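Notes follow once the structure below has been shown.
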Amino acid sequence: MSRYNDGVITTNKNCIACNRCVASCPVVGTNVNGKTEGKNCIEVSGKKCIECGNCIRECSHGARDYRDDTLFFFKDLENGKKISVIIDPTFYMLYGKTAYKLIGYLRTIGVDKIYDVGIGAEISVWAHAKYLKEYKESETKPKAFITHICPAVANYAKKCNPEMLPYIIPVQTPAICTAIYVRKYLEDTNPIAYLGPCIAMTDETSSNETFKSILYNVTIAHLMDYLREIDFDRYYSKPDYKCETEGRLICSNGVFRRMVERYFPSTEVFTNFDHIDEKMIAPFCKQKGINEEWEQHPMLTEISACAMGCLMGGGIDAPGFNYNKVYERFAERSHNVYKQLEDSKDYKERYEELCAKFKSLNFFDFTREFSENYRQPYIVPQKAYEAIFERMHKDTQAKRNINCKFCGYPTCVEMAKAVASGYAKMENCIHYLNDELKSQVYIDMLTGLPNMARFIPEVEHLLSTHKDRSYVLGVCNINKVMVINRLYGRSVGDAVLVNFANYMREFIGDGGLCCRLGGGFFGFCYLNTSEKAKKLKETETYDYRHLGVDFPVTVRAGVYKTVPGDEVPVGKILDYCTYAMTKITDRSHNDFRYFDDAIHTEIILDSEITKQMKQSMADGEFVIYLQPQFNHASNKLVGAEVLSRWVKKDGTIISPAIFVPIFEKNGFVKELDRHVWKSAFILIKKWMDEGIPMVPISVNVSRMSLVDDEIIGIIHRFKDEYNIDTKYLHFEVTESAYMADQDAIIERVNRIRDMGFEIAMDDFGTGYSSLNVLKDMPLDILKLDMGFLRGDTNMDKGTKIIEYIIHMANTIGLKTIAEGVETNEQAEFLEQMGCDVIQGFLYSQPIPAAEYELLIKSL
Amino acid sequence: MDRTRIAFSDAKDTAVAMEEIKKTLQKDGDEKAPKLIFFTTDYLNFTWFSRHLAQAFPNTTVIGMSSYVVLSSKGYNPNAVTALAIYSGIEIASGIILEIDRYPLRYKETIRNAIDKIGENLDNTCCFEFTTAFSGGEELIMDAFKITFAEKQIPIFGGTAGAPDGINASFVALNGIVYNDACAFVIIKNTHGKIRLFKENMFKPTEHIMVATDVDCDDRTVYEYNNRPAAEVVAAALGVPVNKLFNYTSMHPVGRIDGDNIYITEHNVVYPDGQLSYYSRIHNYSKLVLLEPDDPKEVWNRTANAVKTKVVNPSFSIVVNCLSRTRYFNEQEIMGDFVEVLSEYGTYIGFSGYGEQYEYEHLNQTMILAVFE
Ligand code: SF4
Ligand code: SF4
Ligand code: SF4
């Protein structure tokens, strides 16, 4: 149900929220943002609306309706009620001769007596003049000088400007004067309907202050709409009491003033306004403090809410309004009226005549009081303005003073005030929408969190404005997002991300920031407090069962604590955090790793290596070593694994244990692979050419080299180029390389195998492969990692597993090689189990190619 | 000569109680009447006592409001009367503001006259005001003072009057005239030292921060927090179903955040369509934090320590303690302990009603304390 639209003026579903009504309304807070059928619209607060009709004229979308008594009027007539009608001069001015046809028709449907409001206009003029001449100002009551001819003006004073009320002459409007006169002096006991252009009359008629002398407000527009099927030409009638004097002209602004003016010396000031504008009215009301020096106000000021007066009232049939015709009629009638009024009398004589004319009337029958229902508006505190401006992206004084009025408010400050009070929505500001659109570029659409481009400068700003504080910055990654997507579908995966983002928002709280970096990666920054640290540690896992995720979801995070005055750039800190995060391997629970000195040293090393690797490769610093493999029973060389060493120019050797993981991260491992393969091809070719006896050697294939088909082309090329016997070269693929995109990897390995090379699975036992899958893999050799047999604990278990693996491998026809064998005991055991090829320090550490060549030459 | 005296009576017979009060406050052999009497009593006897006090002290400014529980350094009781008389060391000017529910600013002349009476030097001056409840006009009154005081910005301190549960009316009085829809105020200049104001929150912030995104400020109603129905958001934060939210709201008011300050706003009605109404206004896009009860004793200690550090020699104090706090302390059976802590602030009179006013803000569920040196 609508929150507003509870008064005389209402908004219908045509509204497109163009804000024109907001701009045209003299009462702030009357036109309020609402929703009709789910779309934004501007509704009307009945509490505040003064029924001036401005918005009806202003709205070009036909979205404003109003309530009057037309339907009740016709219903009561249908039910046989006798009703008398008082007709506003506007009606005659708009319809000319047709007006009499309409009156004729009204008579046929039961309207009894018909009177012109011009009669009451003259009474009202007399009452105004009498008040002005006879009222004595007192201490408590100033002398009023504003006409009371327009109920909307009185509404304005009652609801918005109570300081103005004492200045409104307390007599009834022409319409009410007519009704009172008809009832009391003409003794018409019928209920009275007012036919006119005034929307504000609906409330006026039901008010005790008008003694409810009018029962129905029938507006011209609604009457004409109700009777649109009727052919009036068949009817004709004249009112029972017709006004032929100046009163028939009061529908135009300024006429009432002119009528009263005739009874005062020409030195008195008389003014008139045809709209309501606080700035215009304020100077008359000394209490407003705007024009306190203005000692003397005019004798009389006529104010009507509608431009041109009632002729343009909100309740006229606007589409049928023909300005030229109406003006013609008005000009003709005024000419006739003022011709009659031409005299040589002075104002005193005229006033005497006026009083004589109305001597039978009791002045007090036509006076009234004005109640007040003004509510002082709240002061909007500065902090509320600030909050709104911040939300509206108005972060500079210039942006706070654009004052383009698109929102319907005259200034940005007024608009912010309306937003704070709940009258307006920020979306009504075109500049906000523009800026918001721009800022969306910095927002992650899925979670609504900022993205990295926005996060980094915001964190920089936060840190620089609170240099004395310590903050925690971090990068975290939701583990197994891919698994969630695969198992439950992408929508569930997205829901997990959104839920986690909401959690992050709450966790980070008000003084911090968080963002989505992409995928399951989030960045965060919060004030370093013990409560937060405690909470971070306490949360073991996240439960997303309500989203359908059956297993506990976990997160790993790399975290960096700033120290007051920290100068490390935020981007770099995030890199540190990402690095620290990659150190976490356990994904069974939430885990975080602080960035510390050890990691820092690692990172420095990492970047040094990354910096030098390309040049070192070009300079030939990556040299080939071979680790021989022996048959334990025969003590014979049966093969070797080709490895690389980084031998720097100064002779220092960097171990592959250091540089390979770095190359794996930065992708250079593909270069290294290619270099090693090529070196192996060259060696074999050389040995073949030189007739050196040979055993097969094997080269490693990293996971990265297997991600696309490029590897096939490279090996093909080497094979063609060096034309070696493929039986001398084996390719070793690690178990973990098969994990991702298994089908594609198997396909690629198969193609290498199809070229005639044997394939070994390296490091078997360090991953998660089940033995069952081995039979589906393109494999010839299984290389066992001796990790099972290292350490003191669980030796028994380890030996059992090895025994089982070797047995399995033999069953499916795989050769086995044990690597990392360090003791004779291990070798003996392996031999017993059926694995007789041994690689490890027991026999030889990796040796340079030249040394190896000597070894094979002795074969 | 005593600067202040405090009288308290819980005699059932109002005439007896009045005699006791008079006896304590009228000084033997000393014609000097108190300059100012603050008093409070229960809703039922308020009119009677205010008239009789004004009659008994015709040359004194007598100001008070009806309380939910009457508190003073001499005792506490829901059905009692207490009065604090100040004989010296102050200059005062008082007034009444009417039409508080819609246009208190109309009485700016009354306020201005009172300031003029105190004079140019407004150091160590504070405005104390008591407002009747259920008008929803406290913020308008604060605005009226703010606008009228303009750059003078005298500190303001006050309370909304109280009544027993189930009675939707309350009283304030000035010099024997009782109002059920007005604000009575007195501007006091302490010529003996400073007047220190303190605020005590019995609630601490939770991690749940909400932004009001759809409000009717005039009606003190919030339709949406964080662009979702307000009741839904609060219920989710508290982990309770929306239809049970009402049972939790009094212990989880919201705090309007202003820098390091939190001004408490109490939930009023939870509407079925998800809107929440409040006992003080909330602006659109203001940030609010959901609160939860703190350890009352710890909180009292903190206030006591703050008072000790800031006020070297307290002379007397005025306390306004929210009715909801009083109810809560009664439920927890710690009201006695609370009153004991208050006695550390010297001679005091305590009011208990539907709201508190402090720093031109209208708050709920708070205790405010003015300590005179
Ligand atoms: S003028 Fe007002 S009512 Fe008409 S369409 Fe525009 S916003 Fe809607
Ligand atoms: S009728 Fe007048 S006061 Fe009412 S909403 Fe329209 S413009 Fe505003
Ligand atoms: S910039 Fe926005 S708030 Fe300011 S006047 Fe224009 S539309 Fe209104």
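Below, each value reflects all heavy atoms present in this structure, side chains not excepted, and no hydrogens, waters or symmetry copies. Chain letters run A, B, ... following the sequence lines, proteins first and then strands; every chain starts at 1. The model shown is predicted, which means the values in this text are computed figures rather than measured ones.
- Counting only distance, with no hydrogens or angles, the side chain of Glu207(B) and the backbone of Phe507(A) share no donor-acceptor pair below 3.5 Å.
- For a residue to count as touching a neighbouring chain, one of its non-hydrogen atoms must lie under 4.5 Å from one of that chain's; by this rule Ile209(B) touches chain A with the side chain only.
- For chain A, the nearby part of Tyr223(B) is the side chain; its heavy atoms alone come within less than 4.5 Å.
- Of all heavy-atom pairs spanning Arg281(B) and Ile379(A), the tightest one is NH1-O, 3.4 Å.
- In this structure, CG on Asp216(B) lies 7.5 Å from OH on Tyr423(A), to the nearest 0.5 angstrom.
- Tyr378(A) OH to Asp143(B) CG: the interatomic distance, rounded to the nearest 0.5 Å, is 8.0 Å.
- Within 6.0 Å of NZ on Lys244(B) lie no more than 12 heavy atoms contributed by other residues, nucleotides or ligands.
- In this structure, chain B has no heavy atom under 4.5 Å from any part of Tyr385(A).
- Contacts between Asn373(A) and chain B at a heavy-atom distance below 4.5 Å involve the backbone alone (N, CA, C, O).
- Enclosure of atom NE2 in His461(A) is not indicated, since only 12 or fewer non-hydrogen atoms of other residues, nucleotides or ligands lie within 6.0 angstrom.
- For Lys48(A), the part sitting under 4.5 Å from any heavy atom of chain B is the side chain, from C-beta outward, and nothing else.
- Across every non-hydrogen atom of Ala387(A) and Tyr285(B), the tightest pair is CB-O, 3.6 Å.
- Remark: Lys141(A) NZ is loosely packed, at most 12 non-hydrogen atoms of other residues, nucleotides or ligands lying under 6.0 Å away.
- Taking the side chain as every heavy atom from C-beta outward, Arg106(B) and Glu372(A) approach each other to under 4.5 Å.
- Listed options Glu386(A), Lys425(A), Met426(A) were ranked by heavy-atom pairs under 4.5 angstrom with chain B; first place goes to Met426(A).
- Between the side chain of Arg102(B) and the main chain of Tyr374(A), a donor-acceptor pair closer than 3.5 Å is present.
- The number of heavy atoms from other shown groups lying within 6.0 Å of NZ (Lys394(A)) is above 12.
- Looking at Asp214(B), Thr221(B), Asp219(B) one by one, the single match for side-chain contact (heavy atoms from CB on, under 4.5 Å) with Arg3(A) turns out to be Asp214(B).
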Show your working on side chain to side chain contact (heavy atoms under 4.5 Å, CB included) between Arg391(A) and Val211(B) and close with a plain yes or no. CA-CA 11 Å; Arg391(A) 288 230 159 203; Val211(B) 177; 3.5 Å; yes

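- For chain A, the nearby part of Asp101(B) is the backbone; its heavy atoms alone come within less than 4.5 Å.
- For Ala420(A), the parts sitting under 4.5 Å from any heavy atom of chain B are the backbone and the side chain alike.
- The pair Glu390(A)-Lys287(B) does not meet the salt-bridge criterion, since no charged nitrogen lies less than 4.0 angstrom from a carboxylate oxygen.
- Remark: Glu120(B) CD is loosely packed, at most 12 non-hydrogen atoms of other residues, nucleotides or ligands lying under 6.0 Å away.
- Asn226(B) does not touch chain A: none of its heavy atoms, backbone or side chain, sits under 4.5 Å away.
- Ranked by heavy-atom pairs under 4.5 Å with chain A, the list Leu105(B), Val289(B), Asp218(B) is led by Asp218(B).
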Dump the intermediate steps for salt bridge (charged side-chain N to carboxylate O under 4.0 Å, His left out) on Glu531(A) and Lys204(B), then the final yes or no. CA-CA 14 Å; Glu531(A) 293 97 66; Lys204(B) 59 179 185 206; over 6 Å; no

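- Across all non-hydrogen atoms, the minimal contact from Gln376(A) to Ala144(B) is NE2-N, 4.0 Å.
- For Glu369(A), the CD atom sits in a loose shell: 12 or fewer heavy atoms of surrounding residues, nucleotides or ligands are nearer than 6.0 Å.
- For chain B, no part of Val32(A) is nearby; none of its heavy atoms comes within less than 4.5 Å.
- Of the possible polar contacts, one joining the Asn284(B) side chain to the Val419(A) backbone as a donor-acceptor pair under 3.5 Å is found.
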